[in-house]
Amino acid sequence: MQEKKTFYITTPIYYPSDKLHIGHSYTTVACDALARYKRLCGYDVMFLTGTDEHGQKIQDKAEARGVTPKQYVDEIVATIKDLWKLMDISYDRFVRTTDDYHVESVQKIFQKLYEKGDIYKGVYKGHYCKPCESFWTDSQLVDGKCPDCGREVYDAEEEAYFFRISNYSDRLLQYYEDHPDFIQPASRKNEMIAFIGQGLQDTCVSRTSVKWGIPVTFDPSHTIYVWIDALSNYITALGYGNTRYDDYDHYWPADIHMVGKEILRFHTIIWPAMLMALDLPLPKKVFGHGWVLIDGGKMSKSKGNIVDPGILCGRYGVDAIRYFLLREIPFGNDGVFTNESLISRINTDLANDLGNLLSRTAAMVKKYFGGTLPAQRRADALDDELAALCEALPGKVTGCMDELLLPQALMEIFKVVQRANKYIDETTPWALAKDEAQRDRLGAVLYNLCETLRYVAVLITPFLPSTGPKIADQIGVPAELRSFDSLGHFGALPAGCLVPGGEALFPRIDAEKELAELAAQKAAQEAKQKAAEAAPAGTSAASDVAIEHEPEVDYDTFSKVEMRVAKVTACEKMKESRKLLKLTVFDGERERTILSGIAKWYEPEHLIGKKVGIVANLAPRPMMSGKYLSEGMILAADTEDGGAAVFFFADDVLPGSRIH
């Protein structure tokens, strides 16, 4: 049996100083689509993501919170993993720079570079940007500020170890010349060449003033500086320098390091130089994508223009957000997020084109053939173009994905969707159905539409992982015909398949109403912010929430409220109510039903398996005219935008645990 080709793709490891925003999600969703597509094509895939958890900024934030740095990052990392679960990210491994095996490997790497003479002790004098964790010389500053983020820098002087990156200038430039595809997009290669041309300064790779980091084994007063620590994750997570994993020889070198353009320099200069010093192969490609812009600039917490992907997914669905990011943002360049463009993409591409094609096709099979794919069919020359487009589609999508042209890959899929909708208008099945002599022709038309949807379902799954299977389910595609290899010949779908249909994939959004509601929410948020800024000195600015208090209760009264952890074992939408979800939860003793008004913000499939807090001794409450009995209440908090945020507990918390 021939061994599968390998494909190793990585995201940058994210800095857990706060919750992630839609820009981080963009990087990870793009990597996920590529990883899923390669798996679909039969590759042995390793998809790595993780968190970069050391440094001054984490140390400061933890101190401000009154917790240890590890406690602080543990809390943030849990939210990151929850976000990736919500967004259907299929990573194979999650590395944390606080993991014991990573610490062991980094210390060995530092030791090896030191013993080779590529690391030496000196004194650092210069400028330091805390947010970027970067050192800069006078000539590198822009208007006296950090050239990457534009923030203030401060003067620093301390004993430090340095990496002799200056010794690798010529080798780096030669590598760029010999491997023209190493830096992508190609336009960014010139920036790196110009940076090296200014003269590489040896890089500071340790600190004595920062204690939250990996100690240098032979000089414990020093902690290993962030880039040696963080960049090494791509090989430590495969087992280099440790016994936790044994995948290094199998997967390295990486096929793609996917990073934001602001950290491309570290990945194409410092990281390759480190690998050269270690006598290790370099990654095949480093891709620096652009930013997701909002309000004319990059998202920033300090600007208050962060877009929360969790809120978007709760409001519009995970696949809709994945589609927008992958289709709307020109891969490699900056793209703009607006509510208008998001709603337009959902309505035009997903609801009108794809959703409508599926609904019309399934409805006509049900109406004209009782929901069964007809066996008797009469072909026509009009069918040939649609069949040819479908047969060519796998090759076109694969070509786009190999070139990292993700929006174009989706465009190719939707060209077929649009052609199928036009095919309906050209063949007029409703007219054919009126003539019994045309029944075989009608059968061929509907068969061709179902077969087209099979191609679409298979190829769209890496991008929209829940939508592809839903399409296949609604047209009754057998399991063996949902693979990439099954797309070799148009006409594989067997006659007699049941075509059950189902709910609309993407209900159309009333754009005017939705935008008005979003504008009202934004205005209310801005008003709260202004009120907080105008509050008299000494008042709390910790919250923008207008707090309404209930009457005080004594301890004995409060202690009668029994709050426990419960695991969601089932969840479904309710036909009788757009607001309510029907949850089945296990409370440690039994299963109970709870109706909760969170349907607007949570999809049922994203709650199943989660552990939530419930009020366990709330008297059962008849709801929906007594049709249902709700046996408790889910604990949730109001969010800034008027939504609801359910509190989830970690996997190691047992159902039935008391909440105090």
Side-chain angles (χ1 to χ4, degrees), residues 25 28-29 32 36 78-92 94 308-322 461 464-474 479 500 502-507 563-616 618 623-624 628-637 639 643-657 659:
S25 299
T28 312
V29 166
D32 183 65
R36 286 177 180 273
T79 69
I80 292 172
K81 287 186 174 182
D82 283 344
L83 176 60
W84 295 159
K85 185 176 181 180
L86 170 66
M87 299 200 73
D88 268 343
I89 304 301
S90 62
Y91 62 82
D92 298 294
F94 192 102
D308 186 330
I311 292 175
L312 289 179
C313 290
R315 195 173 186 98
Y316 303 111
V318 173
D319 276 9
I321 302 307
R322 286 177 62 108
T461 295
L464 311 183
S466 65
T467 298
K470 286 179 182 177
I471 296 172
D473 288 344
Q474 289 199 26
E503 294 183 352
L505 290 179
F506 298 95
M563 294 181 289
R564 295 195 179 274
V565 175
K567 183 175 182 178
V568 181
T569 58
C571 184
E572 59 183 297
K573 292 183 178 179
M574 302 187 66
K575 295 180 180 179
E576 301 93 336
S577 172
R578 297 178 63 182
K579 295 181 179 180
L580 295 174
L581 290 181
K582 179 185 176 186
L583 298 95
T584 304
V585 302
F586 176 65
D587 63 9
E589 295 178 335
R590 66 179 180 89
E591 285 194 330
R592 61 170 74 195
T593 299
I594 297 178
L595 272 57
S596 181
I598 56 174
K600 192 174 182 180
W601 302 283
Y602 290 92
E603 293 293 328
E605 58 265 29
H606 300 130
L607 291 171
I608 296 172
K610 292 288 185 70
K611 293 178 181 176
V612 300
I614 66 169
V615 178
L618 189 66
M623 298 182 69
M624 309 303 298
Y628 299 98
L629 194 66
S630 183
E631 303 171 284
M633 182 177 291
I634 303 294
L635 300 184
T639 59
V646 174
F647 186 81
F648 299 115
F649 289 85
D651 292 340
D652 59 354
V653 180
L654 295 175
S657 299
I659 301 172

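Every value quoted in this text rests on a predicted model; they were computed, and no experiment measured them. Scope of the values below: all heavy atoms of this structure, side chains included, with no hydrogens, waters or symmetry mates.
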Peer 1: According to ring pair (Phe, Tyr, Trp, His ring centres under 6.0 Å), who are the partners of Phe649, at least two apart in sequence or on a separate chain?
Peer 2: Phe647
Peer 1: List in chain and number order the residues that pass side-chain contact (heavy atoms from CB on, under 4.5 Å) with Ser90, two or more places apart in sequence or in another chain; answer none if no residue qualifies.
Peer 2: Asp32, Arg36, Arg39, Phe47
Peer 1: Run the side chain to side chain donor-acceptor pair (under 3.5 Å) test against Ser25 and tell me which residues pass, sequence neighbours left out.
Peer 2: none
Peer 1: Counting C-beta onward and ignoring hydrogens, is there a side-chain heavy-atom pair between Asp473 and Pro500 closer than 4.5 Å?
Peer 2: no
Peer 1: CE/Met623 to OH/Tyr628 distance, rounded to the nearest 0.5 angstrom?
Peer 2: 11.0 Å
Peer 1: For Gly613 and Ile659, work out which heavy atoms get closest and say how close.
Peer 2: CA-CD1, 3.7 Å
Peer 1: State, yes or no, whether a side-chain contact exists between Ile471 and Thr467 at a heavy-atom distance under 4.5 Å.
Peer 2: yes
Peer 1: If every non-hydrogen atom of Tyr316 is compared with every non-hydrogen atom of Ala320, which pair is closest and at what distance?
Peer 2: O-CB, 3.5 Å
Peer 1: So Asp82 and Leu86, side-chain contact (heavy atoms from CB on, under 4.5 Å) or not? Walk me through it.
Peer 2: CA-CA 6 Å; Asp82 283 344; Leu86 170 66; over 6 Å; no
Peer 1: Nearest 0.5 Å, please: how far is CG in Asp587 from CD1 in Ile594?
Peer 2: 8.5 Å
Peer 1: Partners of Met633 by side-chain contact (heavy atoms from CB on, under 4.5 Å), sequence neighbours excluded?
Peer 2: Val615, Leu618
Peer 1: Could you pull out the closest heavy-atom pair between Lys567 and Gly609, with the gap in Å?
Peer 2: CE-O, 3.8 Å
Peer 1: To the nearest 0.5 Å, what is the distance between CD1 (Ile321) and CG (Leu464)?
Peer 2: 11.0 Å
Peer 1: Check ring pair (Phe, Tyr, Trp, His ring centres under 6.0 Å) between Phe94 and all other residues, then give those that pass, not counting sequence neighbours.
Peer 2: Tyr91
Peer 1: Who passes side chain to side chain donor-acceptor pair (under 3.5 Å) against Thr593, sequence neighbours left out?
Peer 2: none
Peer 1: Evaluate the side-chain contact (heavy atoms from CB on, under 4.5 Å) criterion for residues Leu635 and Val612: first the C-alpha distance (whole Å), next the side-chain angles of each, then the deciding distance (0.1 Å), finally the verdict.
Peer 2: CA-CA 7 Å; Leu635 300 184; Val612 300; over 6 Å; no
Peer 1: Suppose we screen for side-chain contact (heavy atoms from CB on, under 4.5 Å). Which residues come up paired with Arg578, at least two apart in sequence or across chains?
Peer 2: none
Peer 1: Mind checking salt bridge (charged side-chain N to carboxylate O under 4.0 Å, His left out) for Asp88 and listing every partner two or more places apart, or none if nothing turns up?
Peer 2: none
Peer 1: Of all heavy-atom pairs between Ile598 and Ala644, which one has the smallest distance, and what is that distance?
Peer 2: CG2-CB, 4.3 Å
Peer 1: To the nearest 0.5 angstrom, please state how far the CG atom of Leu312 sits from the CZ atom of Arg322.
Peer 2: 14.5 Å
Peer 1: For Gln474 and Glu503, indicate whether the former's side chain and the latter's backbone hold a donor-acceptor pair under 3.5 Å.
Peer 2: yes
Peer 1: Going by the rule salt bridge (charged side-chain N to carboxylate O under 4.0 Å, His left out), which residues pair with Glu591 if we only count those two or more places apart in sequence or in a different chain?
Peer 2: none
Peer 1: For Lys600, check salt bridge (charged side-chain N to carboxylate O under 4.0 Å, His left out) against everything at least two apart and list the hits.
Peer 2: Glu517
Peer 1: Rounded to the nearest 0.5 Å, how far does CZ of Phe586 lie from NZ of Lys611?
Peer 2: 10.5 Å
Peer 1: Among residues at least two apart in sequence or on other chains, which ones pass side-chain contact (heavy atoms from CB on, under 4.5 Å) with Pro604?
Peer 2: Cys571, Lys573, Leu581
Peer 1: Under the rule for side chain to side chain donor-acceptor pair (under 3.5 Å), what residues qualify as partners of Ser596, not counting sequence neighbours?
Peer 2: none
Peer 1: Quick one, Trp601 and Val646 - any side-chain contact, counting heavy atoms below 4.5 Å?
Peer 2: no
Peer 1: Where do Val318 and His606 land on the side-chain contact (heavy atoms from CB on, under 4.5 Å) test, with the steps shown first?
Peer 2: CA-CA 9 Å; Val318 173; His606 300 130; 3.0 Å; yes
Peer 1: Testing the basics here: between Leu607 and Val568, what is the closest heavy-atom pair and its distance to 0.1 Å?
Peer 2: O-CB, 3.3 Å
Peer 1: Between the main-chain N or O of Thr569 and the side-chain N or O of Thr584, is there a donor-acceptor pair closer than 3.5 Å?
Peer 2: no
Peer 1: Should we count NZ of Lys610 as having more than 12 external heavy atoms under 6.0 Å?
Peer 2: yes
Peer 1: Inspect the contact between Arg564 and Glu589 and indicate whether a charged nitrogen and a carboxylate oxygen are less than 4.0 angstrom apart.
Peer 2: no
Peer 1: What distance do Glu572 atom CD and Leu580 atom CG have between them, rounded to the nearest 0.5 Å?
Peer 2: 12.0 Å
